[in-house]
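What follows is one structure encoded as structure tokens, with my remarks underneath.
Everything quoted here is computed from the prediction, not taken from an experiment.
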Amino acid sequence: MPLNLPQLRAFLAVVDAGGFSAAAADLGMSQSAVSHAVASLERELAAPLLIRAHPVRTTALGERVLPHARMALSAVRSVEEIAADASGTMTGTVRLAATPTVCQGLVPGLLRHWREDQPRITVRVFEGDSGEVAAWLEDGTADAAILIDPPPATAGRPCADPGIQLATDEYRALLPRDHPLADEPGVDLRDLEDDPFLISPNGCEARVRTLHRRAGLRFSPTHRVRDLATLIRMVQAGIGVTVLSEVSRSLIPADLVLLPLTPRTSRRLVLTGPQARPWHPALRTLAESAAGHLAHTAVRSAEGHPLPSGSG
């Protein structure tokens, strides 16, 4: 039997899900059908593509085949979605990657809006650090990503599109409510020099380092905490203070305060697709829908209307 798309689809699903049973659930197939599809692909290529372990891993050949399989299925999805767009019935699944802070603070509101505004389009979320998100977007694991301060689009590439800026996300000081500066309208970073400083060693660390340098301070964090929830709990416990972005506000409990910070700095959150290959056709629909939703949200906020929690 010649190589075919169902085989490639099953192979990718197993790789992305980390196992055959999870892949079967994602595809709406039986596990035996997924196993048969992958095995038939391996017979066609005369070599194994997967190491049957927990989780499943790719062989050296599987790793080489993987990007081409993603490109093949991406091209098929694009053809299908272009036809759907032409008929006015845009459908499909868009795999969206974002960092934990963005996933927790911004994405839930977008998912709720898209579910109501674009019910035929399914969005699946992949959470990773900044490096993982960028890599997933370019290798085809994700169709779209919310990138932090992405570089300008490069002319001459298949999709030289800068994407849609969702937010200008300013950095804030996170303090316990009983901190001596908690009732101030804002905080100067220099006033926190004597407080133990906590940091999450991810994409924001470089910007926090720059803030300290601009303030004439030595950057010497007391604790490094990867998980955002752990970081917030440590501030709650009075172990130290930290700097978080405004998009985190919906995650902050009542016994903490998130205050404007001097020196000021911000980051851009941009919904975009890959530069190295054409965008998933449904992504432009989602991007335009998100832009309209956020513009409406900003107007209502400026007019003093209360906004629902997690509105983005």
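- Annotation: the span from Phe197 atom CZ to Leu217 atom CG amounts to 10.0 Å, rounded to 0.5 Å.
- Checking Ser21 against Gln31 by side-chain atom types alone, no donor-acceptor pair falls below 3.5 Å.
- For the pair Asp16 and Arg70, the minimum side-chain heavy-atom distance is below 4.5 Å.
- Side chains of Leu181 and Leu192 form a contact here, defined as non-hydrogen atoms less than 4.5 Å apart.
- In the hydrophobic cluster analysis, where Ile, Leu, Val, Met, Phe, Trp and Tyr join through side-chain heavy atoms closer than 4.5 angstrom, Leu137 is grouped apart from Ile146.
- Side chain of Thr210 to main chain of Ala206: a donor-acceptor pair is present (N/O by atom type, distance under 3.5 Å, no hydrogens or angles).
- Note: the hydrophobic cluster containing Val56 does not contain Trp136 (ILVMFWY, side chain heavy atoms under 4.5 Å, direct or indirect links).
- Closest non-hydrogen pair, Pro176 versus Val257, comes out as O-CG2, 4.3 Å.
- With 3.5 Å as the limit, one finds no donor-acceptor pair spanning the side chains of Thr285 and Glu288.
- Applying the side-chain contact (heavy atoms from CB on, under 4.5 Å) test between Phe11 and each of Val34, Leu73, Leu49 identifies Leu49 as the sole match.
- His179 contributes no side-chain N or O that, together with a main-chain N or O of Leu256, makes up a donor-acceptor pair within less than 3.5 Å.
- Considering only heavy atoms from C-beta on, Leu198 stays 4.5 Å or farther from Val241 through its side chain.
- Contact record, Ala17 with Ala23: CB-N, 3.6 Å, taken as the closest heavy-atom pair.
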Please assess Leu8 against Leu3 for the test side-chain contact (heavy atoms from CB on, under 4.5 Å), listing each intermediate value before the final yes or no.
CA-CA 8 Å; Leu8 296 179; Leu3 185 149; 4.1 Å; yes
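- When side chains are defined from C-beta on, Leu50 counts as touching Phe20, because their heavy atoms get closer than 4.5 Å.
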Worked verdict on Leu12 versus Leu66 for side-chain contact (heavy atoms from CB on, under 4.5 Å)
CA-CA 7 Å; Leu12 289 180; Leu66 190 59; 3.3 Å; yes
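- Every side-chain contact (heavy atoms from CB on, under 4.5 Å) that Ser248 has, sequence neighbours left out, goes to Thr101, Leu244, Ser245.
- Note: Met71 CE to Asp139 CG = 11.5 Å, rounded to the nearest 0.5 Å.
- Here the side chain of Trp114 pairs a donor or acceptor atom with the backbone of Leu286 at under 3.5 angstrom.
- Partners of Gln104 according to the side-chain contact (heavy atoms from CB on, under 4.5 Å) rule, which considers only residues two or more places apart in sequence or in another chain, are Pro100, Leu228, Leu251.
- Atom CG of Asp191 is separated from atom CD of Glu184 by 8.5 Å, given to the nearest 0.5 angstrom.
- Across Leu283 and Ala144, no two heavy atoms sit closer than the pair CD1-CB, 3.5 Å.
- Side-chain N or O atoms of Arg268 include one that pairs as donor or acceptor with a backbone N or O of Pro150 at under 3.5 Å.
- Side-chain contact check for Ile232 versus Thr242: every heavy-atom pair is 4.5 Å or farther apart.
- Summarising the geometry of Ala97 relative to Ala142, their closest heavy-atom pair is CB-CB, 3.9 Å, with the distance given to 0.1 Å.
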Derivation of the side-chain contact (heavy atoms from CB on, under 4.5 Å) call for Leu231 and Met234:
CA-CA 5 Å; Leu231 187 69; Met234 289 178 73; 5.7 Å; no
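- Applying the side-chain hydrogen bond (donor to acceptor under 3.5 Å, both in side chains) test to pairs two or more places apart or on separate chains, those with a residue in residues 214-225 are Glu205-Arg224.
- For the pair Asp143 and Arg124, the salt-bridge criterion is not met [side-chain N within less than 4.0 Å of a carboxylate O].
- Contact record, Leu259 with Ala182: CD1-O, 3.8 Å, taken as the closest heavy-atom pair.
- Cluster membership for Ile51 and Leu41, using ILVMFWY side-chain heavy atoms within less than 4.5 angstrom, is not shared.
- Counting heavy-atom neighbours within 6.0 Å of Arg209 CZ, excluding the residue itself, gives a total above 12.
- For the atom pair CZ of Arg177 and CD of Gln236, the computed distance is 11.5 Å after rounding to the nearest 0.5 Å.
- Counting heavy atoms from C-beta on, the side chains of Ile164 and Leu166 come closer than 4.5 Å.
- In this structure, Trp279 contributes its side chain and Pro274 its backbone to a donor-acceptor pair below 3.5 Å.
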Could you walk me through whether Leu261 and Leu211 pass the side-chain contact (heavy atoms from CB on, under 4.5 Å) check?
CA-CA 10 Å; Leu261 182 67; Leu211 279 174; 3.9 Å; yes
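- Residues Asn4 and Gln7 meet the side-chain proximity criterion, which asks for heavy atoms closer than 4.5 Å.
- No continuous path of ILVMFWY side-chain contacts below 4.5 Å connects Leu147 to Phe126, so the two sit in separate hydrophobic clusters.
- Remark: Gln275 CD to Thr272 OG1 distance equals 7.0 Å, nearest 0.5 Å.
- Within the structure, every pair that satisfies the salt bridge (Lys or Arg N to Asp or Glu O under 4.0 Å) test and touches residues 162-175, not counting sequence neighbours, is listed here: Asp169-Arg267, Glu170-Arg172, Glu170-Arg264, Arg172-Glu246.
- Hydrophobic clustering places Ile239 together with Ile252 (ILVMFWY residues linked when any side-chain heavy atoms are closer than 4.5 Å, directly or through intermediates).
- Partners of Asp227 under the side-chain contact (heavy atoms from CB on, under 4.5 Å) rule, at least two apart in sequence or in another chain, are Ala229, Thr230.
- Looking at Glu127 and Thr99, their side chains never come closer than 4.5 Å, going by heavy atoms from C-beta outward.
- There is no side-chain donor-acceptor pair under 3.5 Å between Ser289 and Gln118.
- Residue pairs meeting the salt bridge (Lys or Arg N to Asp or Glu O under 4.0 Å) criterion with at least one partner in residues 251-262, sequence neighbours excluded, do not occur; the list is empty.
- Not a single donor-acceptor pair under 3.5 Å links the side chain of Glu132 to the backbone N or O of Ala98.
- Within 6.0 Å of CZ in Arg52 there are more than 12 heavy atoms belonging to other residues, nucleotides or ligands.
- Closest heavy-atom contact between Val235 and Leu174: CG1-O, 3.9 Å.
- Remark: Leu106 CG to Leu271 CG distance equals 9.5 Å, nearest 0.5 Å.
- A donor-acceptor distance shorter than 3.5 angstrom exists from the side chain of Ser200 to the backbone of Arg226, with no hydrogens or angles considered.
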